[in-house]
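Input: a single structure, listed below in structure tokens.
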Amino acid sequence: VLIFDFVNFGESEGAVRNLEDPGQKIEDFRGAVDFVANRKDFSGSRISLAGLGASAGYIAAEAVNDPRVDRLVMIGPWFQNPQIVQDEQE
């Protein structure tokens, strides 16, 4: 299990604090996947991501473009882009 703070949040670096930047957060998830996949003690090929609220949308965006991610846990998903939900309702 890897738990991390997004750039500009918590104990992470970044000059602007608490900046809500969906693109950066998706990159942060990609960086977390890279970190795990490149560890010498990681022998598997399956990586799961969990996201709560808006992070559920961020992990979905990361998983679509990264074949190393094979499982998602989306808790109380809230999507930044209302078009995603709107398209599904039509």
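Worth saying up front: this structure is predicted, and the values here are computed from it rather than measured. Index from 1, following the sequence.
Without hydrogens or angle criteria, D66 side chain to E62 main chain gives no donor-acceptor distance under 3.5 Å. Distance alone, capped at 3.5 Å, places no donor-acceptor pair between the D70 side chain and the R46 backbone.
Contact between A37 and F42 at its shortest, heavy atoms only, is CA-CD2, 3.9 Å. Of all heavy-atom pairs between I59 and G51, the closest is CD1-N, 3.4 Å. Contact record, A56 with M74: O-CE, 3.3 Å, taken as the closest heavy-atom pair. Of all heavy-atom pairs between N65 and P67, the closest is O-CD, 3.9 Å.
Within the model, atoms OH of Y58 and CG of L49 stand 14.5 Å from one another, a figure rounded to the nearest 0.5 Å. We find the CG-CZ distance between D34 and R39 to be 13.5 Å, quoted to the nearest 0.5 Å.
Every pair passing ring-ring contact (aromatic ring centres under 6.0 Å, His included) that includes a residue from residues 18-41 is listed here, sequence neighbours excluded: F4-F29, F6-F29.
With sequence neighbours left out, E27 forms a side-chain contact (heavy atoms from CB on, under 4.5 Å) with Q24, R30.
Looking at R68 and V36, their side chains never come closer than 4.5 Å, going by heavy atoms from C-beta outward.
When hydrophobic residues (I, L, V, M, F, W, Y) are linked wherever their side-chain heavy atoms come within less than 4.5 Å, the members clustered with V73 are L52, I75.
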